[in-house]
2 protein chains.
Amino acid sequence: MTPDLKLNLRLHFAQGLTFGRGKADLLEAIDRTGSISGAGREMKMSYRRAWNLVEEMNTAFAPPLIDASRGGSGGGGAALTDRGREVLAHYRALERLVVQTGAVHIGGISGGLVSVMHDEK
Amino acid sequence: MTPDLKLNLRLHFAQGLTFGRGKADLLEAIDRTGSISGAGREMKMSYRRAWNLVEEMNTAFAPPLIDASRGGSGGGGAALTDRGREVLAHYRALERLVVQTGAVHIGGISGGLVSVMHDEK
DNA sequence: GGACGTTGTATCTGTCTGTGCATAACCGCC
DNA sequence: GGCGGTTATGCACAGACAGATACAACGTCC
């Protein structure tokens with residue numbers, strides 16, 4: 001009976017980087033579409049923003065998480081590095097872990113939520 | 001060797017409420033100071049914002065989490081309800097749980113972070 | 001009754017973030 | 001060589017968000 005929720009597990013590292021659901025989703029979208037711009041379109045975010053996030057990640061992590069190249073067949077593209085895939089997997093695992101082992105607490109918080117009728121925004 | 005990090009575990013409930021570290025800290029500050037304005041001062045946030053968050057929580061939860069009253073000794077004040085204390089406790093427990101049981105994954109993510117020298121911004 | 005410190009509420013303003021647009025560089029393919 | 005789609009980068013604009021400010025209402029204490 002845990003209500004459907006989305007959790008945003010954002011990690012603020014001392015080095016300045018913050019990594020949360022947004023960047024994780026972006027990594028996934030890049031992996032799926034094979035390009036930064038494609039990922040941006042899919043996530044309905046501007047290419048500018050998508051690229052900024054990529055750049056932020058790549059400068060924070062060594063080795064980088066995304067390998068991008070321009071020109072060539074299809075104009076270029078981007079792909080996750082092994083390290084990128086690794087970070088993404090860890091984040092998703094952490095998410096699952098929270099939902100599973102934290103179900104009691106999540107339920108304890110959401111227990112008294114006022115149920116609203118599906119209001120179309 | 002887990003690098004010191006702050007995590008912001010934000011829960012987005014289907015009902016529209018989002019509950020994260022900010023609201024949790026605010027609850028704690030209200031409990032400590034005995035007033036919304038006191039909590040705002042302590043957290044260096046405007047009373048406006050603090051009150052908005054309180055109102056958001058109180059309309060989302062039934063029974064409410066904060067009991068505020070105006071006038072009277074000291075001008076008024078606010079205190080956590082039993083439910084408020086309960087929600088706060090659950091959130092803190094969830095936080096601890098993530099750090100403890102998720103240490104492997106957190107380490108897996110932060111492993112390759114570029115260490116920066118303490119740059120004063 | 002007046003002072004005090006708080007809750008509750010409205011309005012204005014500045015700032016910060018993301019979007020939109022424009023442009024250059026790149027390179028395989030036709 | 002031109003086309004196409006992408007990376008990479010700059011800059012102006014709009015909208016959202018938070019801060020600042022102002023003020024009424026409230027109730028206890030003096």
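Below, chain A is the first sequence line, B the second, and so on; all start at residue 1. These numbers come from the heavy atoms of this one structure, side chains and all, not from hydrogens, waters or symmetry mates.
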Is any side-chain nitrogen or oxygen of [X] closer than 4.0 Å to OP1 or OP2 of [N]?
X     : N      : answer
B/S46 : D/dG19 : yes
A/S37 : D/dT7  : yes
A/R41 : D/dT6  : yes

Separation of [N] [atom2] from [X] [atom1] (nearest whole Å):
X     : N      : atom1 : atom2 : value
A/Y47 : C/dG18 : OH    : P     : 17 Å
A/L53 : D/dA8  : CG    : C1'   : 15 Å
B/I30 : C/dT7  : CD1   : P     : 8 Å
B/W51 : D/dC26 : CH2   : C1'   : 15 Å
A/M43 : C/dT19 : CE    : C1'   : 15 Å
B/I66 : C/dT6  : CD1   : P     : 17 Å
A/N52 : D/dG10 : CG    : C1'   : 11 Å
B/R70 : C/dC4  : CZ    : C1'   : 15 Å

Report task. Choose from D/dT28, D/dT7, C/dT7 the nucleotide whose nearest atom is closest to any side-chain atom of A/S35. Result ->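 So the side chain of A/S35 is nearest to D/dT7.
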
Kindly compute the distance separating [atom1] ([X]) from [atom2] ([Y]), expressed to the nearest 0.5 Å.
X     : Y     : atom1 : atom2 : value
B/L7  : A/H12 : CG    : NE2   : 8.5 Å
B/F19 : B/H90 : CZ    : NE2   : 11.0 Å
B/L11 : B/L17 : CG    : CG    : 9.0 Å

Query raised in the report: What does B/R48 touch in the nucleic acid at a heavy-atom separation under 4.0 angstrom: a base, only the sugar-phosphate, or nothing?
Result: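 It contacts base atoms.
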
Report task. Look at all strands and tell whether B/G74 reaches a base, only sugar-phosphate, or nothing, counting heavy atoms closer than 4.0 Å. Result ->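 The answer is sugar-phosphate, as B/G74 gets under 4.0 Å only of primed atoms, P, OP1 or OP2.
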
Query raised in the report: Starting at the 5' end of DNA chain D and moving along, which residue's nearest nucleotide shows up first, A/A68 or A/G71?
Result: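 Looking at DNA chain D, the more 5' nearest nucleotide goes with A/G71.
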
Report task. Search all heavy atoms of A/Y91 against all heavy atoms of A/A24 and return the closest pair with its distance. Result ->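 Closest heavy-atom pair between A/Y91 and A/A24: CD2-CB, 3.4 Å.
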
Query raised in the report: side chain to side chain contact (heavy atoms under 4.5 Å, CB included) with B/I30: which of B/V54, B/L65, B/D67?
Result: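 Only one option passes, and that is B/V54.
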
Query - DNA chain C: 5'-proximal contact among A/M45 and A/G72 (nearest heavy atom) - result: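 Counting from the 5' end, the first nearest nucleotide belongs to A/M45.
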
